[in-house]
Amino acid sequence: MAIKLYNTLARKKEELKPLQDGKVTMYVCGPTVYNYIHIGNARPAIVFDMIRKYLEYRGYHVHFISNFTDVDDKIINAAKELKEEVPVLAERFIEAYFEDTGALGVKKADIHPRVTETMPDIISFIKALMEKGYAYEAEGDVYFETKSFKEYGKLSSQSINDLQMGARIEIGEKKKDPLDFVLWKKAKEGEISWDSPWGKGRPGWHIECSAMVKKYLGDTIDIHAGGQDLAFPHHENEIAQSEALNNKQMAKYWLHNGYIQINNEKMSKSLGNFVLVHDIIQKHRPEVIRFFMLQSHYRSPLNFSEELLESAKSSLERIHTTTNNLKHRFNESADFGEESDWIDTVRQHKEAFIREMDDDFNSANGISVLFDLVKDANRYLQKNHSSKRVMQTFLDVIREIGGVLDIPVEAEEEILDEEIERLIEERNQARKERNFARADEIRDSLKEQGIILEDTSQGTRWKRE
Ligand SMILES: Nc1ncnc2c1ncn2[C@@H]1O[C@H](COP(=O)(O)OP(=O)(O)OP(=O)(O)O)[C@@H](O)[C@H]1O
Ligand SMILES: [Zn+2]
(Lines give C-alpha, C1' and ligand atoms only; values in the text may rest on other atoms or scores of the structure.)
(Ligands and ions follow the chains in the order given, each with its own letter.)
Protein backbone atom coordinates (compact mmCIF):
# COMPACT_ATOMS: atom_id res chain seq x y z
CA MET A 1 0.00 0.00 0.00
CA ALA A 2 1.20 3.43 -0.87
CA ILE A 3 1.42 6.44 1.42
CA LYS A 4 -1.03 9.22 0.69
CA LEU A 5 -0.45 12.81 1.71
CA TYR A 6 -2.51 15.96 1.47
CA ASN A 7 -0.82 18.30 -0.97
CA THR A 8 -1.81 21.97 -0.50
CA LEU A 9 -0.75 22.61 -4.09
CA ALA A 10 -3.13 19.99 -5.51
CA ARG A 11 -5.77 20.63 -2.81
CA LYS A 12 -6.20 16.89 -2.38
CA LYS A 13 -4.54 13.78 -1.09
CA GLU A 14 -2.04 12.27 -3.48
CA GLU A 15 0.03 9.13 -3.55
CA LEU A 16 3.63 9.67 -2.47
CA LYS A 17 5.85 9.07 -5.49
CA PRO A 18 9.28 10.40 -4.63
CA LEU A 19 11.61 11.66 -7.34
CA GLN A 20 13.99 8.84 -6.56
CA ASP A 21 12.87 5.39 -5.48
CA GLY A 22 13.28 4.88 -1.76
CA LYS A 23 14.46 8.43 -1.07
CA VAL A 24 12.58 11.45 0.16
CA THR A 25 13.99 14.98 0.25
CA MET A 26 12.24 17.17 2.78
CA TYR A 27 12.60 20.84 3.71
CA VAL A 28 10.82 22.41 6.68
CA CYS A 29 10.85 26.17 7.24
CA GLY A 30 12.40 26.73 10.62
CA PRO A 31 12.13 29.44 13.26
CA THR A 32 13.25 33.03 13.42
CA VAL A 33 15.51 32.88 16.43
CA TYR A 34 14.86 35.88 18.66
CA ASN A 35 12.82 34.28 21.43
CA TYR A 36 12.05 30.95 23.08
CA ILE A 37 9.61 28.86 21.06
CA HIS A 38 5.99 28.60 22.14
CA ILE A 39 3.77 25.53 21.94
CA GLY A 40 2.52 26.71 18.52
CA ASN A 41 6.05 26.83 17.10
CA ALA A 42 6.65 23.38 18.57
CA ARG A 43 3.87 21.89 16.46
CA PRO A 44 5.65 21.96 13.08
CA ALA A 45 8.81 20.69 14.80
CA ILE A 46 6.94 17.71 16.30
CA VAL A 47 4.61 16.80 13.45
CA PHE A 48 7.21 16.96 10.70
CA ASP A 49 9.58 14.97 12.91
CA MET A 50 6.81 12.37 13.20
CA ILE A 51 6.35 12.37 9.41
CA ARG A 52 10.10 12.05 8.84
CA LYS A 53 10.32 9.12 11.26
CA TYR A 54 7.25 7.43 9.81
CA LEU A 55 8.71 7.65 6.29
CA GLU A 56 11.88 6.08 7.65
CA TYR A 57 9.83 3.33 9.31
CA ARG A 58 8.26 2.65 5.91
CA GLY A 59 11.70 2.15 4.44
CA TYR A 60 12.50 5.52 2.91
CA HIS A 61 15.80 7.25 3.30
CA VAL A 62 14.83 10.79 4.30
CA HIS A 63 17.18 13.70 3.68
CA PHE A 64 15.82 16.38 6.02
CA ILE A 65 16.78 20.05 6.05
CA SER A 66 15.43 22.83 8.25
CA ASN A 67 16.72 26.39 8.39
CA PHE A 68 17.31 29.01 11.04
CA THR A 69 16.46 32.59 10.17
CA ASP A 70 19.28 34.12 12.17
CA VAL A 71 19.07 37.66 10.83
CA ASP A 72 15.95 39.74 10.12
CA ASP A 73 14.02 42.75 11.45
CA LYS A 74 12.59 40.94 14.49
CA ILE A 75 16.05 39.74 15.55
CA ILE A 76 17.63 43.14 14.97
CA ASN A 77 14.94 44.81 17.09
CA ALA A 78 15.22 42.26 19.88
CA ALA A 79 19.02 42.67 19.89
CA LYS A 80 18.65 46.44 20.16
CA GLU A 81 16.22 46.11 23.05
CA LEU A 82 18.41 43.65 24.92
CA LYS A 83 21.62 45.52 24.03
CA GLU A 84 23.08 42.35 22.61
CA GLU A 85 24.90 41.66 19.32
CA VAL A 86 22.66 40.02 16.69
CA PRO A 87 24.84 36.88 16.28
CA VAL A 88 25.07 36.39 20.05
CA LEU A 89 21.32 36.66 20.49
CA ALA A 90 20.63 34.34 17.55
CA GLU A 91 23.12 31.75 18.84
CA ARG A 92 21.50 31.84 22.28
CA PHE A 93 18.06 31.09 20.86
CA ILE A 94 19.34 28.43 18.46
CA GLU A 95 20.73 26.63 21.52
CA ALA A 96 17.40 27.10 23.31
CA TYR A 97 15.56 25.76 20.25
CA PHE A 98 17.65 22.59 20.24
CA GLU A 99 17.17 22.18 23.96
CA ASP A 100 13.38 22.56 23.81
CA THR A 101 12.73 20.54 20.66
CA GLY A 102 15.24 17.89 21.80
CA ALA A 103 13.23 17.45 24.99
CA LEU A 104 10.13 16.96 22.82
CA GLY A 105 11.81 14.08 21.02
CA VAL A 106 12.55 16.01 17.82
CA LYS A 107 15.60 14.72 15.99
CA LYS A 108 17.98 17.31 14.60
CA ALA A 109 17.80 17.85 10.84
CA ASP A 110 20.60 16.46 8.67
CA ILE A 111 21.55 20.08 8.07
CA HIS A 112 20.34 23.25 9.78
CA PRO A 113 21.50 26.00 7.41
CA ARG A 114 21.57 29.56 8.68
CA VAL A 115 21.04 32.71 6.65
CA THR A 116 24.33 34.20 7.82
CA GLU A 117 26.17 31.14 6.50
CA THR A 118 24.36 31.08 3.15
CA MET A 119 25.06 34.67 2.07
CA PRO A 120 27.05 33.94 -1.15
CA ASP A 121 24.36 31.52 -2.36
CA ILE A 122 21.59 34.00 -1.58
CA ILE A 123 23.41 36.79 -3.39
CA SER A 124 24.05 34.72 -6.51
CA PHE A 125 20.41 33.56 -6.50
CA ILE A 126 19.25 37.19 -6.51
CA LYS A 127 21.78 38.12 -9.20
CA ALA A 128 20.54 35.31 -11.41
CA LEU A 129 16.91 36.41 -10.94
CA MET A 130 17.88 39.94 -12.01
CA GLU A 131 19.71 38.62 -15.05
CA LYS A 132 16.59 36.70 -16.07
CA GLY A 133 14.48 39.84 -15.72
CA TYR A 134 12.47 38.76 -12.65
CA ALA A 135 13.96 41.24 -10.20
CA TYR A 136 15.09 44.86 -10.12
CA GLU A 137 17.11 47.15 -7.92
CA ALA A 138 15.72 50.33 -6.35
CA GLU A 139 18.12 52.49 -4.32
CA GLY A 140 19.98 49.61 -2.72
CA ASP A 141 16.93 47.35 -2.26
CA VAL A 142 16.16 44.52 -4.65
CA TYR A 143 12.56 43.44 -5.38
CA PHE A 144 11.00 40.45 -7.06
CA GLU A 145 8.61 41.52 -9.79
CA THR A 146 5.66 39.38 -8.85
CA LYS A 147 3.59 39.89 -12.02
CA SER A 148 6.44 38.51 -14.10
CA PHE A 149 5.82 35.08 -12.60
CA LYS A 150 2.63 34.02 -14.30
CA GLU A 151 1.71 31.24 -11.92
CA TYR A 152 1.86 33.43 -8.82
CA GLY A 153 -0.89 32.45 -6.39
CA LYS A 154 -1.16 28.79 -7.42
CA LEU A 155 -0.31 27.39 -3.98
CA SER A 156 -2.82 29.49 -2.06
CA SER A 157 -5.39 29.44 -4.92
CA GLN A 158 -5.48 33.18 -5.40
CA SER A 159 -5.30 35.08 -8.64
CA ILE A 160 -2.96 38.02 -9.16
CA ASN A 161 -6.04 40.21 -9.72
CA ASP A 162 -7.57 39.26 -6.36
CA LEU A 163 -4.29 39.91 -4.63
CA GLN A 164 -3.90 43.25 -6.35
CA MET A 165 -7.12 44.53 -4.75
CA GLY A 166 -5.89 44.73 -1.18
CA ALA A 167 -2.24 45.52 -1.85
CA ARG A 168 -0.65 48.88 -0.98
CA ILE A 169 2.88 50.25 -1.14
CA GLU A 170 3.99 51.12 2.40
CA ILE A 171 5.83 54.32 3.19
CA GLY A 172 9.57 53.86 2.66
CA GLU A 173 9.18 51.01 0.18
CA LYS A 174 10.67 51.66 -3.21
CA LYS A 175 8.92 48.96 -5.18
CA LYS A 176 7.21 49.50 -8.52
CA ASP A 177 4.14 47.41 -7.75
CA PRO A 178 2.43 46.65 -4.44
CA LEU A 179 2.70 42.90 -5.06
CA ASP A 180 6.48 42.99 -5.48
CA PHE A 181 8.40 41.64 -2.49
CA VAL A 182 11.86 42.31 -1.19
CA LEU A 183 14.83 40.05 -1.97
CA TRP A 184 17.56 42.30 -0.58
CA LYS A 185 17.20 45.11 1.94
CA LYS A 186 19.58 48.03 2.12
CA ALA A 187 21.09 48.34 5.60
CA LYS A 188 20.09 51.22 7.81
CA GLU A 189 22.82 53.21 9.54
CA GLY A 190 24.71 51.08 12.07
CA GLU A 191 22.79 47.87 11.27
CA ILE A 192 24.42 44.49 10.77
CA SER A 193 25.04 44.08 7.02
CA TRP A 194 26.78 42.15 4.26
CA ASP A 195 28.44 43.42 1.08
CA SER A 196 26.56 42.82 -2.15
CA PRO A 197 26.52 44.13 -5.72
CA TRP A 198 23.76 46.51 -4.49
CA GLY A 199 25.72 47.84 -1.53
CA LYS A 200 25.54 46.86 2.13
CA GLY A 201 22.39 45.07 3.22
CA ARG A 202 20.80 41.76 4.09
CA PRO A 203 18.40 39.30 2.48
CA GLY A 204 14.62 39.44 2.67
CA TRP A 205 12.99 36.50 4.43
CA HIS A 206 11.67 34.45 1.50
CA ILE A 207 14.87 34.21 -0.53
CA GLU A 208 16.77 32.24 2.12
CA CYS A 209 14.62 29.13 1.73
CA SER A 210 14.81 29.20 -2.08
CA ALA A 211 18.61 29.49 -1.89
CA MET A 212 18.95 26.79 0.78
CA VAL A 213 16.67 24.32 -0.99
CA LYS A 214 18.67 24.76 -4.21
CA LYS A 215 22.02 24.51 -2.42
CA TYR A 216 21.31 21.45 -0.29
CA LEU A 217 18.57 19.54 -2.10
CA GLY A 218 18.45 20.69 -5.73
CA ASP A 219 15.92 22.37 -8.00
CA THR A 220 13.02 20.05 -7.20
CA ILE A 221 12.40 18.38 -3.85
CA ASP A 222 9.78 15.94 -2.68
CA ILE A 223 8.25 17.56 0.40
CA HIS A 224 8.26 21.18 1.48
CA ALA A 225 6.55 21.86 4.79
CA GLY A 226 5.72 24.49 7.37
CA GLY A 227 2.90 26.03 9.38
CA GLN A 228 -0.34 26.96 7.68
CA ASP A 229 0.46 30.68 8.00
CA LEU A 230 3.49 30.16 5.77
CA ALA A 231 1.51 29.04 2.71
CA PHE A 232 0.88 32.68 1.85
CA PRO A 233 2.91 34.71 1.21
CA HIS A 234 6.08 32.89 2.27
CA HIS A 235 5.71 29.66 0.30
CA GLU A 236 4.04 31.39 -2.60
CA ASN A 237 7.08 33.68 -2.81
CA GLU A 238 9.49 30.79 -2.49
CA ILE A 239 7.78 29.11 -5.45
CA ALA A 240 7.94 32.33 -7.51
CA GLN A 241 11.67 32.79 -6.84
CA SER A 242 12.70 29.17 -7.35
CA GLU A 243 10.50 28.32 -10.29
CA ALA A 244 11.30 31.59 -12.07
CA LEU A 245 15.00 30.84 -11.77
CA ASN A 246 15.11 27.08 -12.24
CA ASN A 247 12.19 26.62 -14.59
CA LYS A 248 11.29 23.51 -12.65
CA GLN A 249 8.68 22.70 -10.04
CA MET A 250 10.10 23.58 -6.61
CA ALA A 251 8.42 20.84 -4.58
CA LYS A 252 6.12 17.97 -5.47
CA TYR A 253 4.20 18.03 -2.19
CA TRP A 254 3.44 21.01 0.06
CA LEU A 255 2.44 20.12 3.61
CA HIS A 256 1.03 22.57 6.15
CA ASN A 257 0.27 22.01 9.81
CA GLY A 258 -2.81 23.51 11.49
CA TYR A 259 -2.64 25.97 14.36
CA ILE A 260 -2.31 25.43 18.04
CA GLN A 261 -5.02 27.60 19.49
CA ILE A 262 -5.96 29.05 22.81
CA ASN A 263 -9.73 29.45 23.10
CA ASN A 264 -10.04 28.98 19.34
CA GLU A 265 -7.52 31.71 18.56
CA LYS A 266 -4.08 31.11 17.01
CA MET A 267 -1.34 31.05 19.60
CA SER A 268 1.10 33.76 18.58
CA LYS A 269 3.65 36.12 19.96
CA SER A 270 1.82 39.15 18.63
CA LEU A 271 -1.45 38.23 20.40
CA GLY A 272 0.47 37.54 23.60
CA ASN A 273 -1.53 34.33 24.23
CA PHE A 274 1.46 32.01 24.10
CA VAL A 275 2.92 29.40 26.42
CA LEU A 276 6.65 28.81 26.09
CA VAL A 277 7.91 25.25 25.76
CA HIS A 278 10.70 26.25 28.11
CA ASP A 279 8.17 26.96 30.89
CA ILE A 280 5.68 24.19 30.25
CA ILE A 281 8.33 21.46 30.43
CA GLN A 282 9.10 22.52 33.98
CA LYS A 283 5.55 21.46 34.88
CA HIS A 284 4.80 18.62 32.49
CA ARG A 285 6.95 15.84 31.17
CA PRO A 286 7.90 16.73 27.57
CA GLU A 287 6.67 13.38 26.24
CA VAL A 288 3.17 14.31 27.42
CA ILE A 289 3.32 17.40 25.20
CA ARG A 290 4.49 15.34 22.22
CA PHE A 291 1.77 12.77 22.87
CA PHE A 292 -0.84 15.53 23.20
CA MET A 293 0.16 16.94 19.78
CA LEU A 294 0.20 13.59 18.03
CA GLN A 295 -3.23 12.72 19.40
CA SER A 296 -4.63 15.08 16.82
CA HIS A 297 -4.16 15.07 13.05
CA TYR A 298 -1.39 17.44 12.00
CA ARG A 299 -3.66 19.50 9.74
CA SER A 300 -6.45 20.01 12.29
CA PRO A 301 -6.56 23.01 14.58
CA LEU A 302 -5.75 21.98 18.13
CA ASN A 303 -6.79 23.80 21.27
CA PHE A 304 -4.24 23.88 24.01
CA SER A 305 -5.04 23.97 27.71
CA GLU A 306 -3.70 22.59 30.98
CA GLU A 307 -6.75 20.31 31.29
CA LEU A 308 -6.13 18.80 27.86
CA LEU A 309 -2.49 18.19 28.81
CA GLU A 310 -3.62 16.52 32.04
CA SER A 311 -5.92 14.26 30.10
CA ALA A 312 -3.11 13.38 27.65
CA LYS A 313 -0.99 12.52 30.69
CA SER A 314 -3.61 10.10 32.05
CA SER A 315 -3.99 8.49 28.62
CA LEU A 316 -0.26 7.94 28.42
CA GLU A 317 -0.31 6.47 31.92
CA ARG A 318 -3.00 4.00 30.85
CA ILE A 319 -0.57 2.66 28.24
CA HIS A 320 2.21 2.49 30.86
CA THR A 321 0.01 0.53 33.25
CA THR A 322 -0.81 -2.03 30.59
CA THR A 323 2.78 -2.52 29.45
CA ASN A 324 3.82 -2.91 33.08
CA ASN A 325 1.11 -5.49 33.71
CA LEU A 326 2.12 -7.37 30.58
CA LYS A 327 5.75 -7.40 31.68
CA HIS A 328 4.93 -8.65 35.16
CA ARG A 329 2.63 -11.40 33.96
CA PHE A 330 5.25 -12.32 31.34
CA ASN A 331 7.97 -12.68 33.99
CA GLU A 332 5.79 -14.82 36.22
CA SER A 333 4.47 -17.07 33.48
CA ALA A 334 5.78 -20.43 32.30
CA ASP A 335 3.12 -20.84 29.61
CA PHE A 336 4.57 -21.13 26.10
CA GLY A 337 1.22 -21.73 24.36
CA GLU A 338 0.47 -20.41 20.89
CA GLU A 339 -3.04 -18.91 21.16
CA SER A 340 -2.85 -17.88 17.53
CA ASP A 341 -6.19 -16.01 17.54
CA TRP A 342 -4.80 -13.47 19.94
CA ILE A 343 -1.60 -13.16 17.99
CA ASP A 344 -3.65 -12.55 14.84
CA THR A 345 -5.62 -9.85 16.61
CA VAL A 346 -2.44 -8.06 17.62
CA ARG A 347 -1.07 -8.29 14.09
CA GLN A 348 -4.31 -6.84 12.72
CA HIS A 349 -3.88 -3.86 15.00
CA LYS A 350 -0.40 -3.34 13.68
CA GLU A 351 -1.70 -3.40 10.12
CA ALA A 352 -4.44 -0.96 11.10
CA PHE A 353 -1.81 1.39 12.52
CA ILE A 354 0.09 1.37 9.25
CA ARG A 355 -3.11 1.86 7.27
CA GLU A 356 -4.02 4.92 9.34
CA MET A 357 -0.56 6.43 9.17
CA ASP A 358 -0.31 5.76 5.44
CA ASP A 359 -3.40 7.91 5.08
CA ASP A 360 -1.85 11.38 5.39
CA PHE A 361 0.08 10.51 8.56
CA ASN A 362 -3.04 10.28 10.69
CA SER A 363 -1.34 9.91 14.05
CA ALA A 364 -4.67 10.64 15.77
CA ASN A 365 -6.16 7.43 14.38
CA GLY A 366 -2.80 5.70 14.82
CA ILE A 367 -2.97 6.42 18.54
CA SER A 368 -6.57 5.17 18.65
CA VAL A 369 -5.26 1.88 17.28
CA LEU A 370 -2.67 1.88 20.06
CA PHE A 371 -5.53 2.19 22.56
CA ASP A 372 -7.40 -0.66 20.86
CA LEU A 373 -4.29 -2.72 21.47
CA VAL A 374 -4.13 -1.64 25.09
CA LYS A 375 -7.80 -2.53 25.53
CA ASP A 376 -7.26 -5.97 24.04
CA ALA A 377 -4.17 -6.52 26.16
CA ASN A 378 -6.19 -5.64 29.27
CA ARG A 379 -8.93 -8.04 28.17
CA TYR A 380 -6.30 -10.74 27.71
CA LEU A 381 -4.86 -10.17 31.16
CA GLN A 382 -8.31 -10.02 32.79
CA LYS A 383 -9.16 -13.42 31.32
CA ASN A 384 -6.14 -14.73 33.22
CA HIS A 385 -4.46 -15.95 30.09
CA SER A 386 -0.69 -16.07 30.34
CA SER A 387 0.93 -17.22 27.10
CA LYS A 388 4.39 -15.73 26.97
CA ARG A 389 4.20 -15.63 23.17
CA VAL A 390 0.99 -13.63 23.14
CA MET A 391 2.22 -11.20 25.77
CA GLN A 392 5.51 -10.78 23.93
CA THR A 393 3.61 -10.02 20.72
CA PHE A 394 1.47 -7.44 22.50
CA LEU A 395 4.58 -5.83 23.98
CA ASP A 396 6.48 -5.90 20.69
CA VAL A 397 3.73 -4.16 18.75
CA ILE A 398 3.00 -1.59 21.47
CA ARG A 399 6.73 -0.82 21.61
CA GLU A 400 6.98 -0.69 17.83
CA ILE A 401 4.18 1.86 17.56
CA GLY A 402 5.63 3.84 20.46
CA GLY A 403 8.98 3.76 18.68
CA VAL A 404 7.55 5.09 15.41
CA LEU A 405 5.76 7.97 17.15
CA ASP A 406 8.66 8.36 19.54
CA ILE A 407 6.53 8.33 22.65
CA PRO A 408 7.55 6.23 25.64
CA VAL A 409 5.08 3.39 26.13
CA GLU A 410 6.77 2.12 29.27
CA ALA A 411 7.07 3.91 32.59
CA GLU A 412 10.58 4.29 33.90
CA GLU A 413 10.98 1.86 36.77
CA GLU A 414 11.41 4.10 39.79
CA ILE A 415 14.16 3.18 42.19
CA LEU A 416 12.64 2.49 45.61
CA ASP A 417 13.61 4.34 48.78
CA GLU A 418 14.83 1.14 50.49
CA GLU A 419 17.14 0.42 47.58
CA ILE A 420 18.59 3.94 47.80
CA GLU A 421 19.17 3.56 51.57
CA ARG A 422 20.88 0.22 50.98
CA LEU A 423 23.20 1.71 48.35
CA ILE A 424 24.08 4.66 50.62
CA GLU A 425 24.96 2.18 53.36
CA GLU A 426 27.16 0.26 50.91
CA ARG A 427 28.81 3.51 49.83
CA ASN A 428 29.57 4.48 53.45
CA GLN A 429 31.11 1.07 54.02
CA ALA A 430 33.20 1.43 50.83
CA ARG A 431 34.43 4.83 51.95
CA LYS A 432 35.44 3.44 55.35
CA GLU A 433 37.43 0.80 53.52
CA ARG A 434 38.93 3.56 51.36
CA ASN A 435 37.43 1.91 48.29
CA PHE A 436 36.70 5.27 46.66
CA ALA A 437 36.23 3.79 43.22
CA ARG A 438 33.21 1.78 44.43
CA ALA A 439 31.91 4.75 46.42
CA ASP A 440 32.01 6.98 43.34
CA GLU A 441 30.45 4.31 41.21
CA ILE A 442 27.45 4.16 43.54
CA ARG A 443 27.14 7.95 43.62
CA ASP A 444 27.25 8.12 39.80
CA SER A 445 24.79 5.34 39.25
CA LEU A 446 22.32 6.98 41.65
CA LYS A 447 22.80 10.30 39.90
CA GLU A 448 21.88 8.67 36.61
CA GLN A 449 18.62 7.62 38.22
CA GLY A 450 17.98 11.17 39.40
CA ILE A 451 19.12 10.70 43.01
CA ILE A 452 21.44 13.36 44.41
CA LEU A 453 23.60 12.60 47.45
CA GLU A 454 24.79 15.24 49.84
CA ASP A 455 27.42 14.41 52.47
CA THR A 456 26.90 16.39 55.66
CA SER A 457 28.41 16.23 59.15
CA GLN A 458 25.30 14.30 60.21
CA GLY A 459 25.75 11.71 57.48
CA THR A 460 24.60 11.35 53.87
CA ARG A 461 21.30 12.87 52.79
CA TRP A 462 19.62 12.17 49.48
CA LYS A 463 16.97 13.79 47.32
CA ARG A 464 15.30 13.16 44.00
CA GLU A 465 16.27 15.62 41.23
N1 LIG B 1 -0.09 28.74 16.74
C2 LIG B 1 0.65 28.04 15.89
N3 LIG B 1 0.30 26.78 15.59
C4 LIG B 1 1.02 26.03 14.75
N5 LIG B 1 2.14 26.47 14.14
C6 LIG B 1 2.56 27.74 14.39
C7 LIG B 1 1.83 28.57 15.27
N8 LIG B 1 2.48 29.76 15.35
C9 LIG B 1 3.58 29.67 14.55
N10 LIG B 1 3.63 28.46 13.97
C11 LIG B 1 4.68 27.95 13.09
O12 LIG B 1 5.92 27.97 13.78
C13 LIG B 1 6.99 28.00 12.84
C14 LIG B 1 8.05 28.96 13.32
O15 LIG B 1 7.76 30.24 12.89
P16 LIG B 1 8.36 31.58 13.39
O17 LIG B 1 9.57 31.45 14.22
O18 LIG B 1 8.42 32.48 12.20
O19 LIG B 1 7.22 32.01 14.38
P20 LIG B 1 6.08 33.00 14.11
O21 LIG B 1 5.23 32.56 12.97
O22 LIG B 1 6.73 34.33 14.03
O23 LIG B 1 5.28 32.87 15.44
P24 LIG B 1 4.21 33.93 15.89
O25 LIG B 1 3.03 33.72 14.99
O26 LIG B 1 3.94 33.60 17.31
O27 LIG B 1 4.86 35.27 15.73
C28 LIG B 1 6.34 28.34 11.50
O29 LIG B 1 6.27 27.16 10.72
C30 LIG B 1 4.95 28.79 11.87
O31 LIG B 1 4.02 28.51 10.87
ZN1 LIG C 1 10.68 28.93 4.04
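Along the sequence shown, the residues carry numbers beginning at 1.
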**Fill in**
Note: D222 and V24 closest approach over all heavy atoms is OD2-CA, 3.4 Å

**Message:** If you compare all heavy atoms of D180 against all heavy atoms of K175, which two are closest, and at what distance to 0.1 Å?
**Reply:** O-NZ, 2.9 Å

**Asked** Would you find a donor on one side and an acceptor on the other, under 3.5 Å apart, between the side chain of E356 and the backbone of N362?
**Response** no

**Prompt:** Quick one: do the H278 and D100 side chains pair a donor with an acceptor below 3.5 Å?
**Reply:** yes

**Passing candidate, salt bridge (Lys or Arg N to Asp or Glu O under 4.0 Å) with R202, options D141, D195, D72, D73** = D73

**Message:** Working to the nearest 0.5 angstrom, can you tell me the gap between L55 CG and I3 CD1?
**Reply:** 5.0 Å

**Prompt:** Within the distance-only criterion (no hydrogens, no angle test), does the side chain of Y253 pair as donor or acceptor with the backbone N or O of E15 below 3.5 angstrom?
**Reply:** yes

**Item:** Verdict with supporting geometry, I51 and M26, side-chain contact (heavy atoms from CB on, under 4.5 Å)
**Value:** CA-CA 10 Å; I51 291 178; M26 188 164 174; 4.0 Å; yes

**Item:** Heavy-atom pair of closest approach, residues V71 and T116
**Value:** CG1-CG2, 4.1 Å

**Prompt:** Salt bridge between D396 and R347, side-chain N to carboxylate O under 4.0 Å?
**Reply:** no

**Asked** Is a donor on one side and an acceptor on the other found under 3.5 Å between the side chain of E238 and the backbone of S210?
**Response** no

**Prompt:** Looking at D360 and H297, what are the two nearest heavy atoms and their distance?
**Reply:** O-NE2, 2.9 Å

**Request:** Run the numbers on Y259 and S268 for side-chain contact (heavy atoms from CB on, under 4.5 Å), then give the verdict.
**Result:** CA-CA 10 Å; Y259 294 140; S268 77; over 6 Å; no

**Prompt:** Quick one: do D359 and R355 make a salt bridge, cutoff under 4.0 Å?
**Reply:** no

**Request:** Could you walk me through whether I280 and L309 pass side-chain contact (heavy atoms from CB on, under 4.5 Å), step by step?
**Result:** CA-CA 10 Å; I280 199 88; L309 265 194; 4.0 Å; yes

**Message:** Under a plain distance cut-off of 3.5 Å, with no hydrogens placed, do N264 and N303 share a side-chain donor-acceptor pair?
**Reply:** yes

**Request:** Taking the side chain as every heavy atom from C-beta outward, state whether N41 and Y97 have any atom pair closer than 4.5 Å.
**Result:** no

**Asked** From I46 CD1 over to N257 CG, what is the distance, rounded to the nearest 0.5 angstrom?
**Response** 10.5 Å

**Prompt:** Is there a side-chain contact between F68 and F93, using heavy atoms and a 4.5 Å cut-off?
**Reply:** no

**Asked** Got a salt bridge between E243 and K154, using NZ or NE/NH1/NH2 to carboxylate O under 4.0 Å?
**Response** yes

**Asked** Below 4.0 angstrom, N of the basic side chain to O of the carboxylate: do K215 and E117 qualify?
**Response** no

**Message:** Keeping T220 on the side-chain end and Q249 on the backbone end, is there a donor-acceptor pair under 3.5 Å?
**Reply:** yes

**Prompt:** Does the side chain of Y27 come within less than 4.5 Å of N67's, by heavy atoms?
**Reply:** yes

**Message:** Between F361 and V47, does the side-chain contact (heavy atoms from CB on, under 4.5 Å) criterion hold? Intermediate values first, please.
**Reply:** CA-CA 9 Å; F361 313 104; V47 300; over 6 Å; no

**Prompt:** Any salt bridge between E14 and K252, counting N to O under 4.0 Å?
**Reply:** no

**Prompt:** Taking the six-membered ring for Trp, are the ring centroids of F181 and Y143 within less than 6.0 Å of each other?
**Reply:** no

**Item:** Heavy-atom side-chain contact between I367 and L405 under 4.5 Å
**Value:** yes

**Request:** Using distance alone, with no hydrogens and no angle criterion, decide if T8 and R299 have a side-chain donor and acceptor under 3.5 Å apart.
**Result:** no

**Prompt:** Any donor-acceptor pair under 3.5 Å linking the side chain of K150 with the backbone of K147?
**Reply:** yes

**Request:** Could you label the plane-to-plane angle of the W254 and H256 rings as parallel, tilted or perpendicular, counting under 30° as parallel and over 60° as perpendicular?
**Result:** parallel

**Request:** Could you tell me the separation between the CG atom of L245 and the CD atom of E131, rounded to the nearest 0.5 Å?
**Result:** 9.5 Å

**Message:** I want to know whether Y36 and F274 have ring centres closer than 6.0 Å.
**Reply:** no

**Request:** Measure the shortest side-chain to side-chain distance between R318 and T321 over non-hydrogen atoms and say whether it is less than 4.5 angstrom.
**Result:** no

**Asked** If we ignore angles and hydrogens, is there a donor and acceptor under 3.5 Å between the side chains of N246 and K214?
**Response** yes

**Prompt:** Does the side chain of T118 pick up a donor-acceptor pair with the side chain of E208 at under 3.5 Å?
**Reply:** no

**Message:** Which residue in the set F144, W198, F125 passes ring pair (Phe, Tyr, Trp, His ring centres under 6.0 Å) when paired with W184?
**Reply:** W198

**Asked** Near K174 NZ, under 6.0 Å, is it more than 12 heavy atoms from other residues, nucleotides or ligands?
**Response** yes

**Message:** Donor-acceptor check, side chain of N365 to backbone of M357, threshold 3.5 angstrom: yes or no?
**Reply:** no

**Request:** To the nearest 0.5 Å, tell me how far T146 OG1 sits from Y152 OH.
**Result:** 5.0 Å

**Complete:** Note: G218 and I221 closest approach over all heavy atoms is O-CG2, 4.3 Å

**Item:** F98-H112 aromatic ring centre distance below 6.0 Å
**Value:** yes

**Request:** State the CG-CD1 distance between L155 and I239, to the nearest 0.5 angstrom.
**Result:** 4.5 Å

**Prompt:** Taking NZ, NE, NH1 and NH2 as the nitrogens, is one of them in D406 or K107 under 4.0 Å from a carboxylate oxygen of the other?
**Reply:** no

**Asked** Can S156 and Q158 be said to form a side chain to side chain donor-acceptor pair (under 3.5 Å), step by step?
**Response** CA-CA 6 Å; S156 51; Q158 306 179 82; 2.8 Å; yes

**Asked** Do M293 and L104 touch side chain to side chain, with heavy atoms closer than 4.5 Å?
**Response** no

**Asked** Can you find a heavy atom in the side chain of C209 that is under 4.5 Å from one in the side chain of Q241?
**Response** no

**Message:** Quiz question: by atom type and distance under 3.5 Å, do the side chains of E306 and H284 form a donor-acceptor pair?
**Reply:** yes

**Item:** Gap separating the CG atom of L271 from the CD atom of E265, nearest 0.5 angstrom
**Value:** 5.0 Å

**Request:** Answer yes or no: is there a side-chain heavy-atom contact under 4.5 Å between V404 and F353?
**Result:** yes

**Complete:** Minimal heavy-atom distance between D177 and Y136, with the atoms involved, is N-OH, 4.1 Å

